[in-house]
Amino acid sequence: MRVVFMGTPDFAVKSLDAVLKAGHEVKGVITQPDRPKGRGKKMLPPPVKERALQLGLPLYQPQSVKDEAFLALLKRLEAEVIVVAAYGRILPQSVLELPLFGCINVHGSLLPQYRGAAPIQRAILNGDKETGVTIMQMAAGMDTGDILLKKAVPIGENDTTGQLFERLAYLGGELLVDALEALAAGRLQREKQNEAEATYAPMLSKTDEIIDWQKPAYILHNQVRGLNPTPGAYTFFNGERLKIWETQVLDDNQNRPAGNVLKADGEGLVISCQEGALKLLTVQPAGKKIMSFKDFVNGVTFDMSSRLGQ
RNA sequence: CGCGGGAUGGAGCAGUUGGUAGCUCGUCGGGCUCAUAACCCGAAGGCCGGAGGUUCAAGUCCUUCUCCCGCAA
């Protein structure tokens, strides 16, 4: 099929690759404009842009998807279908209706659950045992379109958002290709989303990153892996930020107050929680690189009053 | 020029008002032990990120460069 691909982050790159590999004709790749990123204020191209350039595909970075110029561009590309994967912008009705087969989207959850910006992170934060990928026919509204294909994958106890992203991105590419094939053959069933079961996965906010030791250990464990590899969950130690990257849940907190350091030696760095305790495996003090609890403990002096959080 | 922290033996850190570089872990060797990741003894391993400068003398002061990282976007 002749497709126009719209996407921005790494997650979308996998889909782009899959579509190409399946032999579809990519008439154009549309991604968001370069944005100042990182420490200095360097302009960084989105991953999809880099990939498109690498592949020599025609690339467009419209400032807006709502103006006439963009619509005109799409018409010129004469796509039969527009594939959208984490593009990051709401598309107007005029765009959704333009191609013969409309716009189809790859979403990192089992819709109608986790509609919205951060489905993968939310699934882990909530400690779900399963999530998946959905291919849907885009409609007006946030991820409300009809479901075309859906596939579930299990979430491991210690899976991180990064790992799950990887898996879902790959699976998303596969499902997307299946969907395109079925779409072209006219043998694709549509399933309306059950609005009653819809849930939302709002974008992560700053407060999602702060560790509250008053919560149960398993909740914090989910928080840590859900925010790994970015932006990371953090607490405070000696007034400095301390990011926590990997943890393990322990049952016993010795009835000590939440945030108390139960143990800090070569064998482990264990913090008491409201319920249970959390063993910190890898951490990162502000300004330092990620290090094992062992290295961290080695250079710091703890005393009985040591506690984390503020 | 967005704000800030940092660059010291393999790792994590300390290094006072400038005067021959330390700690913990690890590594290697030896000892103890039924045994050990435990304990004891010992050893190796650093031109203190690069380049200039001040000084009798600089890891420690000044200038500049490179790299790493946290925050903010």
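So that the names make sense, note that chain A is the first sequence line, chain B the second, and so on, each numbered from 1. Everything numeric in this text was worked out from a predicted model, so none of it was measured.
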Distance between the [atom1] atoms of [N] and [M], in whole angstroms?
| N | M | atom1 | result |
| --- | --- | --- | --- |
| B:G26 | B:G12 | P | 15 Å |
| B:A14 | B:G6 | C1' | 15 Å |
| B:U55 | B:G59 | C1' | 16 Å |
| B:G9 | B:A21 | C1' | 10 Å |
| B:G50 | B:C39 | C1' | 44 Å |
| B:C62 | B:C69 | P | 26 Å |
| B:U60 | B:G49 | C1' | 16 Å |
| B:G46 | B:U64 | P | 32 Å |

Who is the Watson-Crick or G-U wobble partner of [N], with both distances under 3.5 Å?
| N | value |
| --- | --- |
| B:A35 | none |
| B:G70 | B:C3 |
| B:C61 | B:G53 |
| B:G42 | B:C28 |

Take the protein atom [atom1] of [X] and the nucleotide atom [atom2] of [N], then report the distance between them rounded to whole Å.
| X | N | atom1 | atom2 | value |
| --- | --- | --- | --- | --- |
| A:E240 | B:C13 | CD | C1' | 14 Å |
| A:K288 | B:G4 | NZ | P | 18 Å |
| A:R241 | B:C71 | CZ | P | 6 Å |
| A:F293 | B:U24 | CZ | C1' | 15 Å |
| A:F236 | B:C71 | CZ | P | 11 Å |
| A:K37 | B:A73 | NZ | C1' | 10 Å |
| A:R39 | B:G6 | CZ | P | 15 Å |
| A:D295 | B:C13 | CG | P | 8 Å |

Heavy atoms from C-beta onward define the side chain here; which of B:A72, B:C68, B:C25 lies closest to that of A:N298? B:C25
Does a nitrogen or oxygen in the side chain of [X] sit under 4.0 Å from OP1 or OP2 of [N]?
| X | N | result |
| --- | --- | --- |
| A:K206 | B:A72 | yes |
| A:K243 | B:C71 | yes |
| A:Q284 | B:C69 | no |

With a 3.5 Å cut-off and no angle check, do the side chains of A:D34 and A:Q61 form a donor-acceptor pair? yes
For [Y], does its backbone N or O pair with a side-chain atom of [X] as donor and acceptor, under 3.5 Å?
| X | Y | answer |
| --- | --- | --- |
| A:D265 | A:E267 | yes |
| A:K150 | A:L111 | yes |
| A:E80 | A:R2 | yes |
| A:S272 | A:L262 | no |

So among A:R225, A:E246, A:H221, A:Q163, which one has a side chain to side chain donor-acceptor pair (under 3.5 Å) with A:N158? A:H221
Would you indicate what A:E267 reaches in the nucleic acid, counting non-hydrogen atoms under 4.0 angstrom: base, sugar-phosphate, or nothing? nothing
